[in-house]
Amino acid sequence: MAKNILNFSKGRIEALTLPAEGQRLEFHDTQAKGLLLRVSSAGSKTFYFYRWIKSSGKPERITLGRFPAMTVEQARSKSAQLNASVENGENPNDPLKHQKTEPLLLELFEDFIIHKRNKKGEHLSAKTVLEYRKSFNGYLEPWAKRKLSKITAPEMSTLHMKLGKDRPTTANRTMALVSSLFNFGILERSYTVSNPADKIKKYPENERDRFLYPDELPRFFNALANEDNPDMRDFFLLSLLTGVRKSNILAMRWDNINLDRGEWRIITKGNSAQTVTLSPEAIEILSERHQSANSEWIFPGTGKTGHLVEPKKGWSRLLEHAGLADLRIHDLRRTLGSWQAKTGASLLTIGKSLNHKSTQSTAIYARLDLEPVRESVNRATTAMLNAAGKKGATSIDK
């Protein structure tokens with residue numbers, strides 16, 4: 001069958017006679033190899049690139065665009081690019097075929113959550129997964145059902161700026177998640193997409209240094225003494241007196257406590273262990289709770305975990321009664337470390353007592369004896385009680 005050959009131009013294409021109803025005609029351009037125009041009986045005129053591809057062993061067809069929205073010059077320019085690809089032994093249809101299998105952002109996210117490993121080959125922790133899901137659902141949901149290649153850098157930059165007006169840390173963390181997702185897709189799944197968060201500049205983040213000041217301690221302890229819920233009172237006291245993270249306090253178990261030695265053994269992520277020294281005041285709180293304990297948990301709860309999960313309401317109530325603002329539960333941990341520093345503890349001793357991790361000093365922490373840590377914690381506790389007007393007291397509530 002002879003080819004319909006035409007030297008494409010705007011005027012010639014507009015002048016083409018339409019085929020009979022249900023039929024179509026194809027015209028090959030005389031100037032651009034592989035460029036053809038398909039004309040339908042309904043009047044549509046569409047440019048295609050059509051060539052035999054050696055790598056696939058068959059002809060391949062790629063839709064370029066519809067005339068006149070796509071001009072002859074544009075169609076020829078696109079054909080020239082595709083011809084260059086073919087001459088290099090490539091199949092220009094491959095990226096398009098790959099795009100069809102390209103996942104939605106939500107699909108990539110779920111793949112990432114299940115299969116992402118850290119440098120040690122470990123899966124993401126449950127806490128990290130929870131944080132990622134919260135960030136994804138809170139800020140990336142509008143893009144959840146969009147193909148990766150359809151998510152643009154300007155969109156992510158706009159989101160970053162919107163969040164950064166009031167929450168620079170949240171903005172940075174959200175972009176870090178986007179970057180991690182796309183890097184996983186590119187490096188681990190070989191998706192041929194660009195990372196839309198790659199060149200977004202982070203907002204400066206001010207390191208939080210909030211802790212309880214000497215003039216705030218009396219109000220804090222008075223509010224604790226007047227707290228009606230003993231679980232809340234003891235939880236916040238132990239958070240302050242041990243400097244341990246909230247999640248560890250929530251999951252305290254009696255079988256990890258040795259009241260005689262004044263020690264609490266915590267098995268941390270990765271099956272490493274931390275020994276927390278308990279001050280006399282902390283031992284007193286735990287001893288009183290142990291007398292009426294009927295659970296394996298020190299702070300039992302009614303949920304699936306079996307222990308207390310979130311003391312948010314109790315914390316808000318405490319801050320209101322104490323007349324304190326901008327104070328988080330984690331700041332109690334920082335408060336102990338600050339008072340240790342005030343009472344002369346070395347940075348290494350503080351790091352050991354708070355179980356800080358550092359590539360440079362972890363080995364030194366591990367060699368530290370617990371007694372300097374115990375003495376430092378006890379001195380800091382005494383200093384805090386003195387500042388709160390509790391000097392000489394044998395009970396926190398006095």
Heavy-atom closest contact ([X] atom, [Y] atom, distance):
| X | Y | answer |
| --- | --- | --- |
| G164 | Y203 | CA-CE1, 3.5 Å |
| S79 | L64 | OG-CD1, 3.7 Å |
| A197 | V178 | CB-CG1, 3.8 Å |
| A171 | L163 | CB-CB, 3.7 Å |
| P19 | V39 | CG-O, 3.7 Å |
| G65 | T46 | O-CG2, 3.5 Å |

When you measure from the side chain of [X] to the backbone N and O of [Y], does any donor-acceptor pair fall under 3.5 Å?
| X | Y | result |
| --- | --- | --- |
| S41 | G22 | yes |
| R289 | I298 | yes |
| T335 | F211 | no |
| E110 | E107 | no |
| N195 | S179 | yes |
| N226 | N222 | yes |
| T174 | T170 | yes |
| K147 | E102 | yes |
| N88 | E90 | no |
| N248 | V244 | no |

Would you say that more than 12 heavy atoms from the other residues, nucleotides or ligands in this model lie under 6.0 Å from the [atom1] of [X], or not?
| X | atom1 | result |
| --- | --- | --- |
| R61 | CZ | yes |
| K116 | NZ | yes |
| R66 | CZ | no |
| D228 | CG | no |
| Q81 | CD | yes |

Candidate pair R38 and Y50, rule side-chain hydrogen bond (donor to acceptor under 3.5 Å, both in side chains), full reasoning: CA-CA 11 Å; R38 177 177 287 177; Y50 184 77; over 6 Å; no
[X] [atom1] to [Y] [atom2] distance, which is reported to the nearest 0.5 Å:
| X | Y | atom1 | atom2 | answer |
| --- | --- | --- | --- | --- |
| E375 | S279 | CD | OG | 13.5 Å |
| T242 | L278 | OG1 | CG | 7.5 Å |
| R374 | T277 | CZ | OG1 | 5.5 Å |
| S44 | R24 | OG | CZ | 10.0 Å |
| L250 | L238 | CG | CG | 11.5 Å |
| I200 | K202 | CD1 | NZ | 11.5 Å |

Can you find a pair of side-chain heavy atoms, one from [X] and one from [Y], that are under 4.5 Å apart?
| X | Y | result |
| --- | --- | --- |
| W143 | K150 | no |
| L212 | L327 | yes |
| L240 | M384 | yes |
| E296 | D255 | no |
| K145 | L105 | no |
| M252 | L286 | yes |
| L36 | F49 | no |
| M232 | L318 | no |

Would you say the side-chain atoms of [X] and [Y] include a donor-acceptor pair closer than 3.5 Å?
| X | Y | answer |
| --- | --- | --- |
| E26 | N4 | no |
| R117 | H123 | yes |
| T275 | R265 | yes |
| T152 | E155 | yes |

Check this for me: does any side-chain nitrogen of one of [X] and [Y] sit under 4.0 Å from a carboxylate oxygen of the other?
| X | Y | result |
| --- | --- | --- |
| R334 | D331 | yes |
| K313 | E227 | no |
| K312 | E310 | no |
| E73 | K10 | no |
| K45 | E14 | no |

Audit row: N83, R51, side-chain hydrogen bond (donor to acceptor under 3.5 Å, both in side chains) steps and yes/no: CA-CA 9 Å; N83 277 314; R51 275 195 66 179; 2.8 Å; yes
Stepwise side chain to side chain contact (heavy atoms under 4.5 Å, CB included) test for L16 and L37: CA-CA 11 Å; L16 288 172; L37 178 76; 3.8 Å; yes
Following the transitive rule for hydrophobic clusters with a side-chain heavy-atom cut-off under 4.5 Å over Ile, Leu, Val, Met, Phe, Trp and Tyr, establish whether [X] and [Y] coincide in one cluster.
| X | Y | result |
| --- | --- | --- |
| W254 | F235 | yes |
| M70 | Y48 | no |
| L25 | L18 | yes |
| L106 | F182 | yes |
| V309 | I329 | no |

Parallel, tilted or perpendicular: rings of F112 and Y132 (30°, 60°): tilted
Ring geometry between F8 and F47 (parallel below 30°, tilted from 30 to 60°, perpendicular above 60°): tilted
Contacts of type ring pair (Phe, Tyr, Trp, His ring centres under 6.0 Å), residue F236, not counting sequence neighbours: W315
Verdict with supporting geometry, L104 and R146, side chain to side chain contact (heavy atoms under 4.5 Å, CB included): CA-CA 5 Å; L104 306 176; R146 203 184 295 183; 5.8 Å; no
From CA spacing to verdict: side chain to side chain contact (heavy atoms under 4.5 Å, CB included), V276, V377: CA-CA 10 Å; V276 178; V377 170; over 6 Å; no
Working for side chain to side chain contact (heavy atoms under 4.5 Å, CB included), residues N258 and W264: CA-CA 6 Å; N258 189 311; W264 169 23; over 6 Å; no
